[in-house]
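Heads up, the thing below is written out as structure tokens.
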Amino acid sequence: MSLLPISISTGDYDRVRAIKDGRVPVQGCTVTYLTPPLEELFIRALMGAEFDACEVSLSSYLIALSRGKTPYRALPVFLSRVFRHSAFYIRTDRGIARPEDLRGKRVGVPEYQMTAALWARGLLEDEYGVKPSEIEWRNGGLEQTGRAEKLALDLPPDVKLTPIGPGETLSAMLASGALDALVTPRTPSCFGRVPQVARLFPDYRAVERAYARKSGLFSIMHVLAVREELLRRNPWLASSLFAAFRQAKDIAIRELEEIGAYNVTVPWLAEELKDIRAVLGEDYWPYGLAKNRASIEAALRYSHAQGLSARKLTIEDAFVPDLDWAVRV
């Protein structure tokens with residue numbers, strides 16, 4: 001049988017490198033593996049559908065899927081996951097001591113539809129009772145001018161979202177006081193430089209661990225998606241990709257556990273892994289649907305409730321069926 005040539009594009013993570021460097025084959029395929037910068041990757045995938053399989057922003061994917069405007073279908077391979085309490089930055093001179101104090105405030109975000117903001121708004125409402133409609137949102141570039149939403153939005157009428165000016169950036173506006181707070185996955189340059197700028201959750205690690213224990217959620221940022229027509233013509237491909245990515249992730253974690261000589265430049269890594277497993281369990285970065293249903297269902301609920309998805313999606317709409325049964329562990 002001839003091998004199927006496919007292109008795969010993701011970030012250059014430790015959890016994919018065994019596929020990229022050929023240690024883990026995708027059964028039945030010859031692979032061309034690309035790792036462009038993520039922003040470039042997302043635009044090429046979203047606008048041009050250039051790749052056979054690629055990493056996509058979960059929020060952008062759900063919006064496009066709900067509108068019938070994506071050729072991709074997601075596999076339960078979760079390439080990026082980050083708790084988002086660390087994404088909140090505030091002005092200390094605006095009376096913001098708790099998340100509830102964000103009501104009525106001007107809060108910047110690079111893109112309203114981005115997955116980090118989706119989860120940030122979700123935890124604000126679920127954990128603190130603050131609705132998106134109670135905040136005055138401003139969107140635009142964090143450090144560079146001219147950033148716009150990748151997808152057109154049709155938000156509920158009670159949600160206030162206004163682009164910042166063409167010569168403005170969110171970081172500069174927080175520094176000057178033109179914004180009261182900021183939600184951003186990247187640390188703004190004004191943090192640590194402007195005394196009035198601080199984190200909303202100074203000990204965000206402790207807050208995120210408590211949130212994980214209480215909610216059972218581990219925020220999913222990016223997923224692996226595959227051309228649906230390619231899956232229809234090659235129904236075995238989903239299992240081959242899932243098996244390869246799970247094996248590559250397992251290899252990356254085993255390499256983290258090698259304490260004779262650390263593979264990454266992080267001291268006390270063994271203790272860090274022990275602490276992570278105490279909160280998230282032995283399989284702390286699971287693939288597949290079975291162990292991720294709560295997190296997926298939360299993201300689907302947030303996307304629809306926040307007016308991003310055009311319709312309420314189910315797990316069956318969004319993902320290729322659970323592949324754990326088809327893959328020998």
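When reading the values below, keep in mind they use all heavy atoms of this one structure, side chains included, and skip hydrogens, waters and symmetry mates.
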Do the non-hydrogen side-chain atoms of [X] and [Y] ever get within less than 4.5 Å of each other?
X: Leu289; Y: Ile315; value: yes
X: Met114; Y: Pro185; value: yes
X: Phe51; Y: Arg44; value: yes
X: Val266; Y: Glu272; value: no
X: Cys29; Y: Trp236; value: yes
X: Ser295; Y: Phe78; value: no
X: Leu46; Y: Val56; value: no
X: Asn139; Y: Pro163; value: yes

Salt bridge between [X] and [Y], side-chain N to carboxylate O under 4.0 Å?
X: Glu271; Y: Lys274; value: yes
X: Arg81; Y: Glu208; value: no
X: Glu297; Y: Arg301; value: no
X: Arg17; Y: Glu255; value: no
X: Glu143; Y: Arg186; value: no
X: Glu134; Y: Arg103; value: yes
X: Asp12; Y: Lys20; value: yes

Legend entry - Derivation of the side-chain contact (heavy atoms from CB on, under 4.5 Å) call for Val226 and Ile6: CA-CA 10 Å; Val226 189; Ile6 61 169; over 6 Å; no

Under 3.5 Å: donor-acceptor pair, side chain of [X], backbone of [Y]:
X: Asp180; Y: Leu102; result: no
X: Arg15; Y: Ala248; result: no
X: Arg73; Y: Glu228; result: no
X: Thr145; Y: Gly167; result: no
X: Glu149; Y: Gln113; result: yes
X: Arg147; Y: Gly140; result: no
X: Ser171; Y: Cys190; result: yes
X: Lys249; Y: Trp285; result: yes
X: Arg67; Y: Leu62; result: no
X: Asp52; Y: Ser7; result: yes

[X] atom [atom1]: more than 12 heavy-atom contacts under 6.0 Å:
X: Gln144; atom1: CD; answer: no
X: Arg23; atom1: CZ; answer: yes
X: Asp21; atom1: CG; answer: yes
X: Lys131; atom1: NZ; answer: no

Inset, instruction - Check Ser80, Ser59, Ser57 against Thr115 for a side-chain hydrogen bond (donor to acceptor under 3.5 Å, both in side chains) and give me the one that passes. - result: Ser57

Inset, instruction - For the pair Leu34 and Glu50, evaluate side-chain contact (heavy atoms from CB on, under 4.5 Å) and give the outcome as yes or no after the intermediate values. - result: CA-CA 11 Å; Leu34 306 169; Glu50 290 187 32; over 6 Å; no

Answer yes if [X] and [Y] sit in the same cluster of Ile, Leu, Val, Met, Phe, Trp and Tyr residues linked by side chain heavy atoms under 4.5 Å apart, and no otherwise.
X: Leu161; Y: Leu179; answer: no
X: Val264; Y: Ile259; answer: yes
X: Val197; Y: Phe88; answer: no
X: Val183; Y: Val130; answer: yes
X: Ile90; Y: Phe191; answer: no

Which heavy atom of [X] sits nearest to which heavy atom of [Y], and what is that distance?
X: Phe83; Y: Ala212; result: CZ-CB, 3.7 Å
X: Asp317; Y: Leu65; result: O-CD2, 3.7 Å
X: Arg138; Y: Ile164; result: NH2-CA, 3.4 Å
X: Gly260; Y: Glu258; result: N-OE2, 2.9 Å
X: Pro188; Y: Leu142; result: CB-CD1, 4.0 Å
X: Ala116; Y: Arg84; result: CB-NE, 3.4 Å

When rounded to the nearest 0.5 angstrom, what is the spacing between [atom1] in [X] and [atom2] in [Y]?
X: His222; Y: Leu79; atom1: NE2; atom2: CG; answer: 9.0 Å
X: Thr10; Y: Leu224; atom1: OG1; atom2: CG; answer: 8.0 Å
X: Leu151; Y: Leu308; atom1: CG; atom2: CG; answer: 9.5 Å
X: Arg106; Y: Leu174; atom1: CZ; atom2: CG; answer: 10.5 Å
X: Leu155; Y: Gln306; atom1: CG; atom2: CD; answer: 9.5 Å
X: Phe319; Y: Ile296; atom1: CZ; atom2: CD1; answer: 4.5 Å

Inset, instruction - Anything under 30° is parallel, anything over 60° is perpendicular, the rest tilted; go ahead and classify Trp119 against Tyr302. - result: perpendicular

Inset, instruction - Given side-chain contact (heavy atoms from CB on, under 4.5 Å), test Leu313 with His304 step by step and report yes or no. - result: CA-CA 8 Å; Leu313 296 166; His304 186 250; over 6 Å; no

Inset, instruction - Taking atom types as modelled, find out whether Tyr13 and Thr35 have a side-chain donor-acceptor pair closer than 3.5 angstrom. - result: no

Inset, instruction - Decide whether Tyr89 and Arg199 meet the rule of one side-chain donor and one side-chain acceptor closer than 3.5 Å. - result: yes

Inset, instruction - Mind running side-chain contact (heavy atoms from CB on, under 4.5 Å) on Lys150 and Glu39 for me, showing each step along the way? - result: CA-CA 10 Å; Lys150 293 184 183 67; Glu39 285 298 324; 3.0 Å; yes

